Protein chains: 2
Amino acid sequence: MNPTIKDVAKKANVSTATVSRILNGLPGYSEETKKKVTEAIAELGYQPNAVARGLINKRTQTIGVLFPDVSGMLSSEVLEGVERAAHDAGFSVIVCNTASSGSRTIKYLRLLQEKRVDGIIFASENIKDEYAAIFSEMKVPVVLVSTESQKHTLPFVRVNDFEGAFSAAEFLIKNGHCKIGMIGGSFDDPIAGVPRMNGFKEALSKNGIEFEPNMLVANEGYRFNDGKNSLPKLLQQFPEMTAVFAASDELAIGAMSAAHEMNIKVPEQLSIIGYDNLKISEMCYPPLTTISQPLVQMGEKAGEMLTALIDGKEKTAESIYLPFEIVERLSVINRCKQ
Amino acid sequence: MNPTIKDVAKKANVSTATVSRILNGLPGYSEETKKKVTEAIAELGYQPNAVARGLINKRTQTIGVLFPDVSGMLSSEVLEGVERAAHDAGFSVIVCNTASSGSRTIKYLRLLQEKRVDGIIFASENIKDEYAAIFSEMKVPVVLVSTESQKHTLPFVRVNDFEGAFSAAEFLIKNGHCKIGMIGGSFDDPIAGVPRMNGFKEALSKNGIEFEPNMLVANEGYRFNDGKNSLPKLLQQFPEMTAVFAASDELAIGAMSAAHEMNIKVPEQLSIIGYDNLKISEMCYPPLTTISQPLVQMGEKAGEMLTALIDGKEKTAESIYLPFEIVERLSVINRCKQ
DNA sequence: TCTAGTTACGTAAACGTTTACATTATACGT
DNA sequence: ACGTATAATGTAAACGTTTACGTAACTAGA
């Protein structure tokens, strides 16, 4: 099969220990033997076996990442960041698509445990007690991205959704809108659902606008079709609305699509602001003004935190809120300047 | 640390061999001992160590997937399919982002070799000789997805781009268009560039339309901005155009965006057809008529082929062209019915 | 010249499995 | 009662590394 360290040792007339030392840059060999060994390695085309290494070192240089939805645009940007950071730190990443299913998540966690990954990144989903139990059983570092848990104290990297939503709503207000509706997520979603709705309400109230239930329509999910269906509903219960805050870009673009179909001009008749700054948000027409979550940077940061934890560089990781940003494009109009 | 098979054996008063047999469903133990062992496993919370297993079995139950662009929408859909198929067959997947860089690709390949993955899926990129050399050196199955190589005979799964492009152009013709332009990829891209341009030309010529160079603008890439920049150019060199075929959905949507800005109505004044059927294609306005590549299915099929090859179920894999499909939405108008 | 320290190695155990082979007990046919 | 096939189990080697420990040679200081 593949040549092993023994073959190299034999060819170079040294012991496997010496070869290993050379391979790992440990002290204890002469330049002369190093040369012999290096030549033997080249001649044989020797490649160290990471599996054997992993067995003895109890380190696989591999991390696992769990997403509810691998092909989602949000997940894929985060993944890019994670992969980059992991690879830069010498780790490979195994992707797992939980499809938001509890049982799948647990299966994957068990699998990662068997594979002896050195750490785990858990994205965009609520941490059930069951998961947390497995985490601590596994005794590997875990970092959360785009989610958090106050019950189970795990380090996370995300943006402050309350403030992001607050800023979005306030941005509309500053642009002269006072009849503002919201297309939100789910009341059952403590991560992206509730905080964004609360931030919205808070912005209204801080600016002397009283929130009324008819200004909001909530959704199970955050998808295009949810947004597309929500706009007509919202418009019906809140006809005087001049601007909408959508809790995700997909929702916003869905709303925009509905507006097109209803012959409502965006932004002239209706301003729309989204949340996420996915790649598509600059591709739609008009380009979407939105709250930017630095997704790949979040993934990257999470990857860095995790690998630092694994390498013991950090004892405990400090959770961080990454700054969001309002990226102004063309879907919001300033009513004052009209 | 974690309990090992030895701990289980001791607790159950049997040998490790027996435990192993029970774990792997091999014959040779009584119901009674099985019960003892199962109990011991449960009490200790024993989890087999896949690393040790991998060492002796020379199988890691892991495959590697290389993408030029992990967060690209195309890649991420393919990844979803691959992950699903792999997982169903008992494999984990390691993702690698080559960023279209040769040196990164090679580094990753070496890494996967060290990690002793059981197989490789290579997506969307041209196979350089150097890669092929490593493939054969690694002696693991490789399957290509969304690319192919006639020089190095590797199994692939993709759609026939020539025919896809041909159908797209012919679809426009059948809808009464005869002044048709194309926003294409690169002449240097033998995978998605040349075949799509040729398919386009062939459709014209088959229908008695003579192709002129001014009907085409080529691009380095397939991105939104390429499309956005290309439309004005194309319109300038081919003003009588009533329809465009774009070699990717991103190009098409970029073109649509440019049309919006130039106050050209889609599809009333200009019909657009894309290629890929990404998720965004139904989110833009008007929803994009496009050639559907079954991306997740392609990933899935590739994953199935690879795992079958690994498990030795298939000796050699048959390359396949998956069928494309024209998905009609609203970006193309029928001129005959006007 | 002797001792102590350093350098350059080699030996062998260990990591946690699987599995070929050996061993024992059991049942069965005559 | 005896051999034999079968079932149940154990022993130990093997997978390819790393590393604690041992040893021999050499250097340097007195």
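Every value quoted in this text rests on a predicted model; they were computed, and no experiment measured them. Chain A is the first sequence line, chain B the second, and so forth, proteins listed ahead of strands; every chain is numbered from 1.
Nucleic acid contact class of Ser20(B) (heavy atoms, under 4.0 Å, all strands): base. Using a 4.0 Å heavy-atom cutoff across all strands shown, Glu32(B) reaches no nucleic acid atom at all. Residue Asp7(A) is classed as having no contact, given no heavy-atom separation below 4.0 Å to the nucleic acid. Here Pro27(A) lies out of heavy-atom contact (under 4.0 Å) with every strand. Glu31(A) comes within 4.0 angstrom of nothing in the nucleic acid, heavy atoms only. Nucleic acid contact class of Asn13(A) (heavy atoms, under 4.0 Å, all strands): sugar-phosphate only. The residue Val14(A) sits close only to the backbone: its heavy atoms come under 4.0 Å of sugar-phosphate atoms, none of a base.
Checking dG16(D), dG10(D), dT18(D) against the side-chain heavy atoms of Ala52(A) singles out dG16(D) as nearest. With dC9(C), dT17(C), dA20(C) as the choices, the nucleotide that has an atom nearest any side-chain atom of Arg21(B) turns out to be dA20(C). Nearest nucleotide to the side chain of Tyr29(A), out of dC9(C), dT19(C), dC15(D): dC9(C). Nearest nucleotide to the Ala17(A) side chain, out of dT11(C), dG16(C), dT17(C): dT11(C). Each of dG16(D), dA12(C), dA14(D) was ranked by its minimum atom distance to the side chain of Thr16(A); first place goes to dA12(C).
Applying the 4.0 Å criterion to OP1 and OP2 of dC9(C), one finds that Thr18(A) has every side-chain N and O outside that range. Regarding contacts with the backbone of dC9(C), a side-chain N or O of Thr33(A) is found under 4.0 angstrom from either OP1 or OP2. For the pair Lys34(B) and dA8(D), the criterion of a side-chain N or O lying under 4.0 Å from OP1 or OP2 is not met. Within the 4.0 Å cut-off from OP1 or OP2 of dC9(C), at least one side-chain nitrogen or oxygen of Ser30(A) is found. Neither OP1 nor OP2 of dC15(D) sits under 4.0 Å from any side-chain N or O of Asn57(B). Close to dG16(D), at under 4.0 Å from its OP1 or OP2, lies no side-chain N or O of Thr4(A).
Counting to the nearest Å, the P atom of dT18(D) and the CD atom of Gln61(A) are 12 Å from each other. Rounded to whole angstrom, the span from the CG atom of Asn49(A) across to the C1' atom of dT17(D) amounts to 8 Å. Remark: P of dC9(C) and CD1 of Ile5(A) are 15 Å apart, rounded to the nearest angstrom. Spacing between atom NZ of Lys35(B) and atom P of dT9(D) amounts to 14 Å, rounded to whole angstrom units. Rounded to whole Å, atom P of dT19(D) lies 10 Å from atom CZ of Arg53(A). Between the P atom of dG16(C) and the CG atom of Leu23(B) lies a distance of 15 Å, rounded to the nearest Å. Remark: P of dG16(D) and CG of Leu55(A) are 12 Å apart, rounded to the nearest angstrom. The CZ atom of Arg59(B) sits 18 Å away from the P atom of dT17(C) (whole-angstrom rounding).
Comparing Leu26(A) and Ile56(B), the nucleotide of DNA chain D nearest to each residue sits closer to the 5' end for Ile56(B).
A salt bridge does not link Lys35(A) to Glu32(A): none of the charged nitrogens lies less than 4.0 Å from a carboxylate oxygen. Remark: Glu304(A) engages Lys301(A) in a salt bridge, criterion side-chain N to carboxylate O under 4.0 Å.
Of the residues listed (Lys10(B), Lys36(B), Lys11(B)), the one engaging Glu43(B) in a salt bridge (Lys or Arg N to Asp or Glu O under 4.0 Å) is Lys11(B), and it is the only one. The side-chain contact (heavy atoms from CB on, under 4.5 Å) test with Phe67(B) singles out one residue from Val78(B), Leu74(B), Ile121(B), and that residue is Val78(B).
Side-chain polar atoms of Thr105(A) and Lys128(A) form no donor-acceptor pair below 3.5 angstrom. Counted by atom type alone, Ser92(A) and Lys115(B) present one or more donor-acceptor pairs between their side chains at under 3.5 Å.
Ring geometry for Phe122(B) versus Phe135(B): interplanar angle over 60°, hence perpendicular rather than tilted (30 to 60°).
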